[in-house]
Amino acid sequence: MSFFVRQGDQLVAEKLAVSPWAPGKLSGTAVCGLLARELEAYCPDGFVPARLTVDLSQPVANAAFDMRSNVVRRGSRIAVVDATMVQDGRERVRASALFLITGDEPPGQVWSSAEDLPMPPDGCVSPEGSPPLFKSGEREWTSDFAVNQNAARKFSWHSLPPLVAGEPLTPFQRAAILGDATNHVCHWGSEGAGYINADVTVTLSRLPIGYELGLRADNTIAADGISIGSATLYDRTGAVGTCMVTALSNARRQIDFATTTAAALTSESR
């Protein structure tokens with residue numbers, strides 16, 4: 001299982017990379033992963049990815065595409081790189097990555113919030129990739145979508161397959177893919193999901209450790225069909241960073257996840 005497979009010089013989408021909103025388009029998770037894959041090739045030695053912002057200004061068709069990238073700035077402590085996905089000569093989405101050099105933390109103490117980062121038992125998901133697990137409020141972890149279609153606070157837990165078959169999934173790609181899933185934990189309510197991402201921003205204080213990552217919905221602020229969702233990204237050692245999406249109402253194509261199974265989302269393309 002993977003998001004994409006190679007066919008010659010092209011990457012071909014598997015079902016996992018197809019949008020649940022429109023079967024002829026790529027999902028935001030797949031697009032964010034591909035852009036992270038392109039951008040991290042420019043990360044200088046001694047630097048780490050600290051921010052990824054993706055502007056999902058146009059849908060990306062499930063068809064051939066080109067990647068274009070540009071180093072905006074390369075300093076002694078900061079590097080900025082841009083990338084775009086192009087189809088039929090038109091820019092579909094664009095992304096920017098910020099890479100920072102690592103070093104010692106300054107002295108002193110600063111305030112931070114108390115962590116409430118629930119995790120399912122060890123060994124509950126496969127290192128090769130597994131269907132996601134969800135938790136609503138105080139309920140137990142489960143892969144049953146119908147049980148989690150409610151208005152309670154959402155948590156999700158993920159072990160992702162490779163982005164491209166035959167390539168190991170990097171920690172930055174893993175974080176980028178799940179950045180888009182912030183929409184799911186923040187905007188999945190009692191009637192399903194009715195917002196679609198216009199952009200995604202992932203900020204990282206460090207790279208994830210291990211093959212598992214969780215998302216905790218932190219806030220949703222909505223008015224007049226526009227919503228901001230924010231979440232904490234975490235692994236089994238603690239918080240990794242934050243994710244934020246700006247989303248637009250797409251109520252005409254509301255997705256009822258109560259009728260969706262994990263198998264349907266991860267089955268092979270036919």
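Numbers for residues simply follow the sequence, beginning at 1. Please read all numbers here as calculations on a predicted model, not as lab measurements.
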Donor + acceptor pair across side chains of [X], [Y] (<3.5 Å):
X    : Y    : result
H184 : T182 : no
S190 : N150 : no
S159 : S130 : no

Name the orientation class of the two ring planes belonging to F145 and W188 (parallel below 30°, tilted from 30 to 60°, perpendicular beyond 60°).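 Tilted, since the angle between the ring planes falls between 30° and 60°.
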Could you measure the distance from the OG1 atom of T246 to the CG atom of L56? Nearest 0.5 Å is fine.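 That separation rounds to 10.0 Å.
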Which distance, rounded to the nearest 0.5 Å, do you find between the CD of E14 and the CZ of F3?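 So the CD of E14 and the CZ of F3 are separated by 11.0 Å.
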Looking at R77, I'd like to know if its CZ atom is crowded, meaning that more than 12 non-hydrogen atoms belonging to other residues, nucleotides or ligands lie closer than 6.0 Å.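 No, not enclosed.
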Just wondering, are more than 12 heavy atoms of other shown residues or ligands nearer than 6.0 Å to CD in E115?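 Yes - once you tally the heavy atoms of other residues, nucleotides and ligands closer than 6.0 Å, there are more than 12.
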Residues clustered with [X], ILVMFWY side-chain links under 4.5 angstrom:
X    : result
V110 : none
V12  : V5
Y195 : none

I'd like to check [X] versus [Y] (side-chain heavy atoms, cut-off strictly below 4.5 Å). Are they in contact?
X    : Y    : result
S156 : P132 : no
K154 : K135 : no
L178 : L233 : yes
L204 : F172 : yes

Can you check side-chain contact (heavy atoms from CB on, under 4.5 Å) on I78 and L98, steps first, answer last? CA-CA 7 Å; I78 182 173; L98 173 70; 3.4 Å; yes
Hphob cluster co-occupancy, [X] + [Y], side-chain heavy atoms under 4.5 angstrom:
X    : Y    : result
V202 : L169 : yes
L163 : V125 : no
L207 : V81  : yes
Y211 : I177 : no
F155 : V240 : no

Show which side-chain atoms of residues 212-220 pair as donor or acceptor with protein atoms under 3.5 Å away, not counting sequence neighbours.
unit_1: E212; atom_1: OE1; unit_2: R236; atom_2: NE; d: 2.7
unit_1: E212; atom_1: OE2; unit_2: W157; atom_2: NE1; d: 3.1
unit_1: E212; atom_1: OE2; unit_2: R236; atom_2: NH2; d: 3.2
unit_1: R216; atom_1: NE; unit_2: D218; atom_2: OD1; d: 2.7
unit_1: R216; atom_1: NH1; unit_2: D116; atom_2: O; d: 3.2
unit_1: R216; atom_1: NH2; unit_2: D218; atom_2: OD1; d: 3.2
unit_1: R216; atom_1: NH2; unit_2: T232; atom_2: OG1; d: 3.0
unit_1: D218; atom_1: OD1; unit_2: R153; atom_2: NH2; d: 3.3
unit_1: D218; atom_1: OD2; unit_2: T232; atom_2: N; d: 3.2
unit_1: D218; atom_1: OD2; unit_2: T232; atom_2: OG1; d: 2.6
unit_1: T220; atom_1: OG1; unit_2: C186; atom_2: O; d: 3.0

Could you pull out all residues at least two apart from D55 that satisfy salt bridge (Lys or Arg N to Asp or Glu O under 4.0 Å)?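 With neighbours one apart ignored, the set is R94.
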One thing to verify: whether D235 and R174 come together as a salt bridge, which I'm taking to mean a side-chain N less than 4.0 angstrom from a carboxylate O.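 No, R174 and D235 are not salt-bridged.
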Determine which pairs satisfy side-chain hydrogen bond (donor to acceptor under 3.5 Å, both in side chains) with at least one residue from residues 98-112, sequence neighbours left out, and list them in order.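 Qualifying pairs, neighbours excluded: none.
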Give every residue pair that meets the side-chain hydrogen bond (donor to acceptor under 3.5 Å, both in side chains) criterion with at least one member in residues 16-27, sequence neighbours excluded.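 Matches after skipping sequence neighbours: S27-T29.
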Is the backbone N or O of D144 less than 3.5 Å from a side-chain atom of N148, with the two atoms forming a donor-acceptor pair by type?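 Looks like yes, one N/O pair under 3.5 Å.
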Quick one, H187 with V245, criterion side-chain contact (heavy atoms from CB on, under 4.5 Å). Give me CA distance, side-chain angles, the key distance, then yes/no. CA-CA 10 Å; H187 295 127; V245 297; 4.1 Å; yes
Partner residues of [X] under the side chain to side chain contact (heavy atoms under 4.5 Å, CB included) criterion, sequence neighbours left out:
X    : answer
R68  : T84, V86
S205 : none
V60  : L26, V31, M85, Q87, R92, V93
S57  : none

Please set out all donor-acceptor pairs under 3.5 angstrom arising from side-chain atoms of residues 32-51, sequence neighbours excluded.
unit_1: R37; atom_1: NE; unit_2: E167; atom_2: OE1; d: 3.1
unit_1: R37; atom_1: NH2; unit_2: E167; atom_2: OE2; d: 2.9
unit_1: E38; atom_1: OE2; unit_2: S69; atom_2: OG; d: 2.8
unit_1: E40; atom_1: OE1; unit_2: T170; atom_2: OG1; d: 3.2
unit_1: E40; atom_1: OE2; unit_2: T170; atom_2: OG1; d: 2.8
unit_1: E40; atom_1: OE2; unit_2: Q173; atom_2: NE2; d: 2.8
unit_1: Y42; atom_1: OH; unit_2: S69; atom_2: OG; d: 2.6
unit_1: R51; atom_1: NH1; unit_2: T53; atom_2: OG1; d: 3.2
unit_1: R51; atom_1: NH1; unit_2: S96; atom_2: O; d: 3.2

I'd like to know whether W141 forms a side-chain contact (heavy atoms from CB on, under 4.5 Å) with M119, so could you lay out the CA-CA distance, the side-chain angles of the two residues, the decisive distance to 0.1 Å, and finally the verdict. CA-CA 9 Å; W141 291 96; M119 304 173 196; 5.6 Å; no
Taking every non-hydrogen atom, the tightest pair across [X] and [Y]:
X    : Y    : value
R253 : A22  : NH1-CB, 4.1 Å
Q10  : A64  : OE1-CB, 3.6 Å
M1   : P162 : O-CD, 3.4 Å
S230 : M244 : CB-CE, 4.2 Å
C124 : P121 : SG-O, 3.1 Å
Q149 : G189 : CG-O, 3.3 Å

